[in-house]
Structure formats: C-alpha cells, structure tokens
Amino acid sequence: MTAEHLYRTVRLIRRFEERAMDFVRSGEIVGGIHPYVGQEAIAAGVCAALRPDDVITSTHRGHGHVLAKGVDPARMLAELMGRENGLNRGRGGSMHAADFGLGILGANAIVGAAGSIATGAAWAYQRQGKDVVAVSFFGDGAMNEGMLLEAFNLAVLWRVPVVFVCENNGYATTMPVRSAVAGSITGRARAFGMPAFTVDGQDPEKVLAATTAAVSRARSGRGPTFLECTTYRFDAHHTFEHRARLNYRSTEELSTGRSRDPVEIQGERLAADVRAAVDAEIEALLDAAAGVALGGAHPDPAAALEFLYASPEVNR
Amino acid sequence: MTAEHLYRTVRLIRRFEERAMDFVRSGEIVGGIHPYVGQEAIAAGVCAALRPDDVITSTHRGHGHVLAKGVDPARMLAELMGRENGLNRGRGGSMHAADFGLGILGANAIVGAAGSIATGAAWAYQRQGKDVVAVSFFGDGAMNEGMLLEAFNLAVLWRVPVVFVCENNGYATTMPVRSAVAGSITGRARAFGMPAFTVDGQDPEKVLAATTAAVSRARSGRGPTFLECTTYRFDAHHTFEHRARLNYRSTEELSTGRSRDPVEIQGERLAADVRAAVDAEIEALLDAAAGVALGGAHPDPAAALEFLYASPEVNR
Amino acid sequence: MPKLSYLKALNRALGDELAADESVFVLGEDVRVAASNLTAGLFDRFGPERVLDTPLSEQAFTNFATGAALAGLRPVIEFQIPSLLFLVFEQIANQAHKFSLMTGGQCQVPVTYVVPGSGSRTGWAGQHSDHPYSLFAHVGVKTVVPSSPADAYGLLLSAIRDNDPVVLFAPAGALGIRDDVDYASLQPVPLGVGRIVREGADVTVVALGHLVQDALAAADELAGQGISVEVFDPRTVYPLDVDGLAASVARTRRLVVIDDSNRTSGFGAEVLAVAAERFDLDAPPRRVTRPDGAVLPFAPALDRAVQPGRDHLLAAIHGVLEGKR
Amino acid sequence: MPKLSYLKALNRALGDELAADESVFVLGEDVRVAASNLTAGLFDRFGPERVLDTPLSEQAFTNFATGAALAGLRPVIEFQIPSLLFLVFEQIANQAHKFSLMTGGQCQVPVTYVVPGSGSRTGWAGQHSDHPYSLFAHVGVKTVVPSSPADAYGLLLSAIRDNDPVVLFAPAGALGIRDDVDYASLQPVPLGVGRIVREGADVTVVALGHLVQDALAAADELAGQGISVEVFDPRTVYPLDVDGLAASVARTRRLVVIDDSNRTSGFGAEVLAVAAERFDLDAPPRRVTRPDGAVLPFAPALDRAVQPGRDHLLAAIHGVLEGKR
Ligand SMILES: Cc1ncc(C[n+]2csc(CCOP(=O)(O)OP(=O)(O)O)c2C)c(N)n1
Ligand SMILES: Cc1ncc(C[n+]2csc(CCOP(=O)(O)OP(=O)(O)O)c2C)c(N)n1
Ligand SMILES: [Mg+2]
Ligand SMILES: [Mg+2]
C-alpha cells in the first residue's frame, strides 16, 4: 500500500509537470514553471511521513511538494493558469502556491527565505500546544543564503519541531554545487548542532524512512533534523531554458543523471497491472483537472488588489 | 623586543580607553563608546603579525584594532571628539574609524557586515598582484549573522587571503554566547572548509603566534583561516551601561573574568623598569594626544555634507 | 495626574497587550534585560516564551515572526537601531507584506516592528541615525510615528491588533517626552487618522514624531508675531489621513511640512504631491527635510546641521506666508 | 544602420568597459553562462577573474564588491530579480553609499548594480515584479532607468565610470526595444541629465524606462486630436534633472508623470512635489503610478491592471488639459 501510494505520488507529479510544460508551450500557462521532473521521490517520500496537520513551506520548484501534501491537481493547475478557482485564486501562480487548509504555508520565490518562516510557524504551533511538525524544502543553492543558515541556528537553539529538507540536484540554476558550497552540505548543517543525513533522493522509500525518523524526533520535542536528498533535475531550471539553451550540463552527465528515474524506481516495485491501473487513474485525474482549470473564470481586473490588506484601515 | 612591543600596545589601548571613558563622562566625547578593556591582547597580537600594507576591518568595539594597526592616538581621540583633525575629520566617530593610509578600511557599526568587505578587498588586492592579507575582526554575536557566514563561504571558495578573527567575549551585549550559538564557533567556521583554532585571547603572544601562522597561510595562497580568541569584556557593552545597569553578569563571573588581565599577563614578561618606562612613555603620549585632540577645530556645519559623493554629478 | 513618558507608554502598551492577548509575544535583541527599556519588567511578568531574546540574526527572526503570525500568533519585534530595518527590508516588504495578496487572502501577517530610538541619536553617526519611515510607506507597509505618550500608547495598541504588518518608529527625540496622563483615558488610536495638535488660521504645518515639538515651538514663537500656525500630526505615515489634512489646509490655504526623512521621494514629497494634486493654496507649499542622500556625520554640530530643525521651519513658514501664486 | 537592442546595448557597454579598464569586473549569479544575456560572450572574452559566478549569497557578494571597490576595483553586479535589491538594501544604502562621507572622504565605492528585467515580467508574480527605483533615489544612491538602447549603453558606461554606487534598472518592458544605431555614435550619457524625447506645446509628460514608449504612443494618439505632448525622460531618477524639467514645463505649463513605482512617496510624488514648490502651472499636475502598496498578482490581467498604462496616462492628460486652477 505504501509502495503504491508513493508510486501514485511520483507518477502524479511527473505527469502533472509534463502536462504543465505542455500548457506552458501552448501559452495557457504564462511565465513558465520550474519543473520538478526527476526530483519527485523527495516530495513523495517526505510528505508521506507527515500528518495532514503538519505543515510545509515550498520553493520556486514547488509543484511536487504541494501535490504530495494533498493539493487538488485541478486547483493547482487552475492556479498556474491564473484562474479564480486556483489555489490562490490566481493571485500567486507557480511560485506561491499555498493551501493553508492542507498545511501548505506557501511556496516562496526567494531562495532561502522559507526556512525561517517554517521555523517560526513550528515554534508557534508548539507554543499553542499542538504537536505539529513543519518541513521546509529548499535547494542546494539555498545553503549559501545567510538567512537560511540563521534559521538553522534558531531552530536548534529553541528545539523547534522542524525538518529541513535540502534537495541537492547539483545546481543552482547553472552554478554547480561544488563551486558554490565550501565544505559539505551536511557538514554545514551539522555544525549548528543538528543531526544531518544524506539520503538517496531518487528513492521514495528511502526518503520516507529518513523523514519518518526526523519527524518523530521533532514531534517528540528533540528538535530539528536536516536531510540532504541527493537528486538530479531532469529538465530545465525553468522553462525559459527550453528556448534559450544554456551550456552547463554535458550530454553524458544528463544521461547518467536521468538514468535513476524515481518513477521507474518506485514503479518497478509494483505489479505491472497495478502500475498500469494507477497510471490510467492519474491520466483520468489530470484530464479532469485540465478541464476544471481551463474552465475556471479569469479573475476580474477590478479586483486586482483584493486581499492586499487583511485589516480594513487602509483606504486608497 | 616583541614582548615589549606587545606590552606597549596592550597598555596603550588600555589607557586610551580609560581616558576615553573619562572624556565620555566629562562630555567631551558625545555618544559614548564600546570599551575594548580586557580584550587588548587580541588587537595587539593580531596586528603585530601584520605588515603595514596588510589591511583590517574593525567593529563597533574598534579602538584597540586601529591603535594596534598604528593609528596616531591623537587623531583617534580627535575623531572621538568630532574634530576636523580626527582620523575621519570628525565625520565618523567611534564606530567608523578608518585610516586608509594604514590599511584600516574602517570600523563598521553593523555587526557581521565587515567580513565580506574584508574578503572583497583581499581578493581585489590579490587580483592586482599585491600579496596583501586582510584581517576582519568581529565578535561572537556576529557568528549568528547570515551575511558573515556567507562571507566565509566566498572566502574559502575563492581562496581569499583573509583571516577571520572572532573575539569571543562571551556576550553579544547581554546575550550569552551559549544561548546564541548552536554548535560551536570553531565548528561553524570549520564547516566551511577553513582551518579554525581557539586561541587564548588574553595572551598577546599566543594571539601573535596563531595569527602569524594564519597570515602566512593566507599570504602563500592557501586561503582563509579562522581564529576564535576567547576573552572577556571587563567593562560595559557601551558606556550607556555606566548609567543604566543591566543585570546579566554576576559579580563572581566578573571577577573571574577580570582575573586574567592582558596588561598584567604581558607586563609580567618585562623587567619592572622597562615596564615603568613604557608606562610613562604612554602617559606622555596620551597627554599630548589629549592636547592635540582638545585643540582640534570643530568642523564647519556648512560642510556637513562634504564627502557625501565622490563624483560631482550630484548637485543638490 | 501622573506623568507618563513616551517610552514608558510604549512599555505599558506592550505589557497591556501581552496581558490581554495570549497570542502576543515580543522578540528581539536584549529584550530580556530590556536594554532599551521598551520591554522593562516584561520578562519577569510573562516569562521566556512571551519575551524571547534572539541571537543577532535579524533576517531569520523577522521571518520567524512571519511564520509565527501565519500560525496564529501576534509577534512584536524590537529592533535596536533603525538601519536594522534595511537589513530586513526583504523580509518585511517582500515577505510579510505580500503574503495576504499572494495567497488570495488565505492568511494574514499581524507582526509589529518597533524601533525605539529612530532618527538621530546624537553621537551614533552614519549607520545608526536613519529614519526610514518613508521607505515603508512607499512599499505600502502600515507605518506609524507617534508624537506623544498617549499616542505612543494608543498607536502601539492598534498596531499590535492590526492584522497586517505595521512598523512603528519611536524617534529618539521623542522618547523622553513626558505628559500628564490619566491612565484610565489611555486607549487605542486608530491607524490612518491624524490629529490637529494646535489650531491655527494662517498656515498648516504637518509634522510627525519628535518634530511635532519643533512645530509647536515654532507656532509659539510665531504667535508672538501675530502669525497663527495650525499643527497637523498625521500620526500614521501610511495610510495617510489625506482628508484630515485637506480639511486643515482648506482653512489655512498654506502648507509647510517638516519631515525627518531625506528630501527626494520622502514623506514630505508625498504631502506636497497631494497638495499639488488636490489643494487650492494661496502660496507654493514647502518642505523642510533632511537633504538628499543624507548621511549623518558624527560631529554633533554637523549631525544637527543635517536634520530639519526649528530654524529651517521658521524660514519655510515665513517663505510661505510671503509667497504668492 | 544596424539595429541594436536595449539588452545588447547593455551587454556591449559592459564588454567595452571591461576591455577599456582593467579594474572593471562583473559578478553575479549565472553570469558565466549569461542566463539573462547581459553578460553574453564576456566570460569567453575576459575569463573567470573578470566575470565571476557567485553562489546565492547576495548580501556577502554585495559587500564583497564594496570591499573590492575600496581596494581600487570597479565591480559591476548583476541581480537576477529586482527584489534581490531588497535583500541587499543594507549593503547598498547603509554601507556602499555611506563610506565616502563616514570616512571623511578617504575612499570611494564605485560599484554598479544592474537589474536586467526590473518591473513586471508577466507571470513572475508578487515577489519578482517590483520596481524599487524610488527607494534608492530616496536614500540618495544614484539611480538610472534608461529608456532606449543608446541611453542604456551610455548610462551604463557613465554608471561604471562614476566614483559612487549607481543602481541601473533595465525594465523588462524595455529589454527588447531595438533601434537603428550607428555604433560609432555610442557614447557616455551623463548622469543627471534628462532628454526631451518628443517636443510638444500643451503638456509635459515625464516618463522613465519602458514607460517612455507608452508616453510616445499616447503623444501620437493625442496628436491626432490636436493635442501636442512633450515627452521628457529624466533618465536618472536621482539626481533628478530639475532644470531640464523646469524648462519643459515653463513652455507647456502642464504636467503629468507616469511612474512604475508605488504612488506614495515614489518618483511621481517627487516630480509633483517639485512642481508644487517651483512650477507655475495652469492646472493641477497628475501622476499615473502603481497603486499604494501594490503587490503584483499573478494572473496576467490583474498584473496589467496594477501597472500604470497608456489608458491611465491618456485619462490623466485629458484631465490636466481640462483642469483649471
Ligand atoms: C535570494 C534569491 N536569489 C536568487 C534568486 C534567483 N533564483 C531563482 S531559483 C535559483 C536557483 C536556486 O537553486 P537551488 O536552491 O539549488 O534550487 P533548484 O533551482 O536547484 O531547485 C536562483 C538563483 C532568487 N529567486 N532568490
Ligand atoms: C546587525 C546588527 N544587529 C544589532 C546591532 C546592535 N548591536 C551592536 S553591538 C551588539 C552586540 C555585538 O556582540 P558581539 O558581536 O559579540 O560583539 P561585542 O559587542 O561583544 O564586542 C549589538 C546587538 C548592530 N549594530 N548590528
Ligand atoms: Mg539546486
Ligand atoms: Mg561579544
């Protein structure tokens, strides 16, 4: 059942992203996306270890995280298309997907920003007597943002129930991690007094196991854990790369990187007929989602500034 | 000779600070100072390892650094009094003392800011073919500023000839280092791939020895080193504490902390008569400095914005 | 009636809100021992979970507060020096401020940022003497600069209760102001509503924070010369009480603004822009501000020379009174 | 004459300065492969010491540039997105900008900050669509927003050669502009000097960056209705060419400013404030801006609704032409 669940999630994310890229090409999605293709096992494994009331923060490359946390693909797709029935009512788009009802405190377009937000939220839930755990996703590039390192310090000092999940896909846009991170990623985390582990980020079950341990540690009041999930980005940094080819990854590297495909790794654990049934189910789900999204109303430009303030004092 | 030199420096700083505090009390120095009393061995030992063309960046608690780097005490005191004959022509005051002719790229009032400035300067000198080393001083509190941690990363990645000197005096204002720094200070530095050492910051000779090694490593192109100098601040965080007593250090702690006095530690290494001669010489020097400073002209308020821009395009 | 100082009023407001609302907590540097006195006595009353001493990690603790707010709390952050707001500009303007709209109204970020001792504190020099309230107004973060103890109390209360991020600047030059105050009369002061501090007929002087004192002193001095000055304190920089200002100017038909931010695109610029758009004036309005790009020099006389002061204000008022269209 | 695009003009200016002056170098994220094309070809020409790829450490590399400038170099930093300037606001406004005065003139900080693609890039939403030039003008950092390829070339050259920090915003909406340009005629454009892009008699429209195109289009449209619009492009937001603007307004006696920053205390506010102080106008001036506190929503139609556009400009011009004092 877990195997199937994990497969369903990685497959859903993969096909969601592929369809989303088609919609980018056809112009239905404006502004492009940062595809999560290749990294699906991380979102799937991490979120499978969470309770519904646990919370996450996500990144610019966030579709996988929110889908794995249970977001309705139709509402996510509608958001990417800027529709009123989107997650954020079309106000957020790809980089800001949020669903507070599902504990998704938002994707963040600023690299390294969300770690301290997740830390604050987790601390606040704890102070309110809730045994909620927060997970913050970020990339290898974020490890060089001082604000994220500051967050590690606060989380450890105050024993905050947060799990830091670093998706090391080898690059920050075009910058190789080896030219960008002095020392090692886990060593950097460990220096703040956190346990830190490197996990095979292509295998959803390994990610699930590592996260389960980290979450239980957090939930029992023993503080934060850091997981470096090694992975590979199969596609572009952002779909703009489909037009402007940037020269930073060799063909050999790409094919080696793509050879460990999380969808295949998890798919092989299912019987062929079960797998086929899941695949078919997902296609149907995504067909329906596309229909719902494409049918969503465009928000009214007159309401462009709705939600700008939560308190009404400001009259413009 | 080294012993005497080091003693002269620690004694000069001590007496400079004591006299400066008198001038704060008498109102000649406005705005107060962050006294360096107790930490003199660090400035003395570090700067004794430097060449005149090596550069430093300093902090809010910076008088010791600049005096040890060779600043004329009269010009420093004049700066504290806001006079035209001050180091910065009265424009900078206690927290911004700079003397570019002596390689003092400025004290900085923003905790953690100067590490990356020193790194950039050192890199730039190297690129210009100069074998200059930069030293950046900062406190234990700065270790929690993300921007400083980012600087460590750049320095190691680019093998910059910079030495990071952390003066761990146990507190950031009233915040004890153990409540503020998760993990250890050297561990945090080491995680960036730098050698990092803890040095007895009360003993000028030990500081000198450690710095000499770090500087030679930097000068020979092997990159940055991190030195944690353990020390104790004998006096207030800032002279405002002389009026508003803050309750964060016990009497016992204070007396233990003050028991290892760098002036005594180094003074005991000199013959009594040599020591007395140095002391007398310093009093004479500081008497003269006070005279020069007090005699300095006050800058003309009409020139308040002189030096605001280096290029003349801006006419206000 | 007892005397209440401005700083004590802020302290009292904070204590009252901490007592009234479990979700309020304070964080910042040295708040435990109350180095600035803003939080005096609060650690003992409310303990370490409500009064949280932070390491020197302004960016992380500002976002930490945003996260705590998203999870239902009402954080109040103390910043020791105004330029720390530069350091967390991204965290306030690009994170806290934007969450509500970007999520389509799913959440709110009720964080209050307080700077006790903004503007020039003589002798603190270039990097510690800024007064960046116009920057926050420009990006649309609610921004408050109280001028009196009662307003300090009431505006801080409203800031904490507001569901959006609010920055409150407490100018160093105002912290020591003491007024006779009936404690029972202390109450919330709504954001966005100005106050006529002194009525007058000939010219409206707009002033904020500590500069209200200068405006009143100038008004006193000019009264002796038969000139009647109205002093209007908007109290909130953003949202600005344009209607209140308009009503005053409709009576006086002359306008001067004194503003402790830089000239270009500062608060003073906004007041003059509104005047240009909307007001019928008998003479061109003037602004008295810090100069463009001002960096406050250390030497006290230079520091003062860069700040807008009473003499500049008097000159501007005379200029406006003599000015013709 | 060959066509030169705005983005290519920036690239060319950078290449020319790198070639002409050993002390110039570029740093930023993905500058090696030139993800934005600003640095296209430069790594191959100048190598890794002149074209430096940085980790995602904006605060440190901004101060690193300041340090390198103090040591005699002339760094040019590329920022991929405008809100990164929020993240380094302290490093620019409180460090780079202040060194010269605070040290009593001992040093200078000639760093250029370039944002290729500022303002709205459709679909990039709330945190990637800011246009914070007014913030830098307010703190007094020299701020440039070129509107044409030739100006982009010439202003970037002047920015790099200037001995102070300069921020250059290259609006996303302008990057694709292509003009016929005689390469030999490309030359530095001085900071602080505006340009009359189109002469007219009835109203002066002040516009910057990509909005100059909108102003010209509006002028074309109104010409058909017998209304003659002068378009004034200040090119530098700070220092502002007040004399150039005054000369234009002296002729037209009517003023509209279109400004892609927020309304309150933005560039538009400054223009109107100057007008209120100094200009004799036949009608109240107007500003067309982003709304107060604007956060750009993702959906393209909402994004557009929040930006100042041609229709708002036409309405404002008509309003000013009808307006009476
Ligand atoms: C603070 C910040 N700097 C730069 C950017 C521009 N940017 C967006 S994604 C990205 C690379 C991020 O790399 P990484 O953290 O490894 O995540 P990945 O894209 O590989 O998933 C960059 C530089 C940004 N959004 N925020
Ligand atoms: C970024 C920043 N945060 C806060 C302050 C206010 N402040 C000045 S000194 C100081 C404590 C610094 O502690 P540490 O780095 O240990 O140096 P020490 O004072 O002990 O020498 C604080 C909080 C500041 N100047 N800059
Ligand atoms: Mg990556
Ligand atoms: Mg300390």
Side-chain angles (χ1 to χ4, degrees), chain A residues 29-33 60 79-84 86 88-96 108-113 139-148 172-177 179-182 237-238 240-241 244 246-248 298-309 314 316, chain D residues 28-37 40 43-44 48 52-63 80-81 83-84 86-88 91 117 120-130 172 262-264 289-307 309:
Chain A
I29 295 177
V30 170
I33 65 166
H60 58 285
E79 185 60 31
L80 298 185
M81 294 180 180
R83 308 300 173 109
E84 193 66 56
N88 301 25
R89 310 187 65 168
R91 269 64 175 182
S94 172
M95 291 197 288
H96 300 295
N108 208 304
I110 300 302
V111 173
D140 49 286
M143 288 300 293
N144 303 313
E145 289 288 354
M147 57 185 159
L148 180 62
T173 315
T174 69
M175 180 66 154
V177 65
S179 314
V181 176
H237 169 68
H238 179 274
F240 80 72
E241 243 192 89
L246 304 175
N247 184 24
Y248 62 100
H298 289 281
D300 177 3
L305 292 177
E306 209 182 336
F307 317 120
L308 180 55
Y309 295 101
V314 176
R316 278 173 316 275
Chain D
E29 290 153 8
D30 310 300
V31 295
R32 181 174 181 139
V33 304
S36 74
N37 274 321
F43 182 82
D44 290 343
L52 199 62
D53 246 1
T54 59
L56 272 66
S57 305
E58 290 83 4
Q59 298 197 305
F61 71 65
T62 302
N63 271 355
Q80 293 190 332
I81 42 177
S83 56
L84 298 184
F86 296 156
L87 204 51
V88 299
Q91 286 75 17
S120 163
R121 295 188 279 182
T122 314
W124 288 80
Q127 291 180 326
H128 276 38
S129 303
D130 304 274
N262 294 353
R263 182 181 180 87
T264 289
T289 67
R290 292 189 182 192
D292 283 336
V295 176
L296 265 57
F298 167 69
L302 305 195
D303 178 317
R304 271 193 305 277
V306 175
Q307 292 178 66

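Numbered from 1 within each chain, the chains take letters A, B, ... in sequence-line order. Reckoned from all heavy atoms, side chains included, excluding hydrogens, waters and symmetry mates.
- Contact count versus chain D (heavy atoms, under 4.5 Å) is highest, among His96(A), Met147(A), Met81(A), for His96(A).
- Ala125(D) approaches Gly92(A) most closely through the heavy-atom pair CB-O, 3.5 Å.
- In this structure, the portions of Thr122(D) lying under 4.5 Å from any heavy atom of chain A include both its backbone and its side chain.
- Here the shortest heavy-atom pairing between Val33(D) and Tyr248(A) reads CG1-CB, 4.2 Å.
- Between Phe298(D) and Glu79(A) the shortest heavy-atom distance is CE2-O, 3.3 Å.
- Closest approach of Leu308(A) and Gly293(D) over heavy atoms only: CD1-O, 3.3 Å.
- Looking only at heavy-atom pairs under 4.5 Å with chain A, the residue among Arg121(D), Arg32(D), Glu58(D) that has the most is Glu58(D).
- The NE2 atom of His298(A) lies 10.5 Å from the CG atom of Leu302(D); values are rounded to the nearest 0.5 Å.
- Across all non-hydrogen atoms, the minimal contact from Pro55(D) to Asn144(A) is CB-ND2, 3.7 Å.
- Contacts between His60(A) and chain D at a heavy-atom distance below 4.5 Å are absent for every atom of the residue.
- Using a 4.5 Å cut-off on side-chain heavy atoms (C-beta onward), Asn108(A) and Gln127(D) make contact.
- Closest heavy-atom contact between Ala172(A) and Asp30(D): O-OD1, 3.6 Å.
- Neither the backbone nor the side chain of Thr264(D) comes within contact range of chain A; no heavy atom of the residue lies under 4.5 Å from a heavy atom of that chain.
- Take Phe43(D) and apply the ring-ring contact (aromatic ring centres under 6.0 Å, His included) test, not counting sequence neighbours, and it matches no residue.
- In this structure, the portions of Ile110(A) lying under 4.5 Å from any heavy atom of chain D include both its backbone and its side chain.
- Only the side chain of Met95(A) comes within less than 4.5 Å of a heavy atom of chain D; its backbone N, CA, C and O stay farther away.
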Handout entry: CA sep, side-chain torsions, deciding dist, call: Glu145(A), Gln59(D), side-chain contact (heavy atoms from CB on, under 4.5 Å)
Key = CA-CA 8 Å; Glu145(A) 289 288 354; Gln59(D) 298 197 305; over 6 Å; no

Exercise for the section: Apply side-chain contact (heavy atoms from CB on, under 4.5 Å) to the pair Ser179(A) and Asp53(D), showing each step before the final yes or no. Expected result: CA-CA 9 Å; Ser179(A) 314; Asp53(D) 246 1; over 6 Å; no

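- Using a 4.5 Å cut-off between heavy atoms, Ile29(A) makes no contact with chain D at all.
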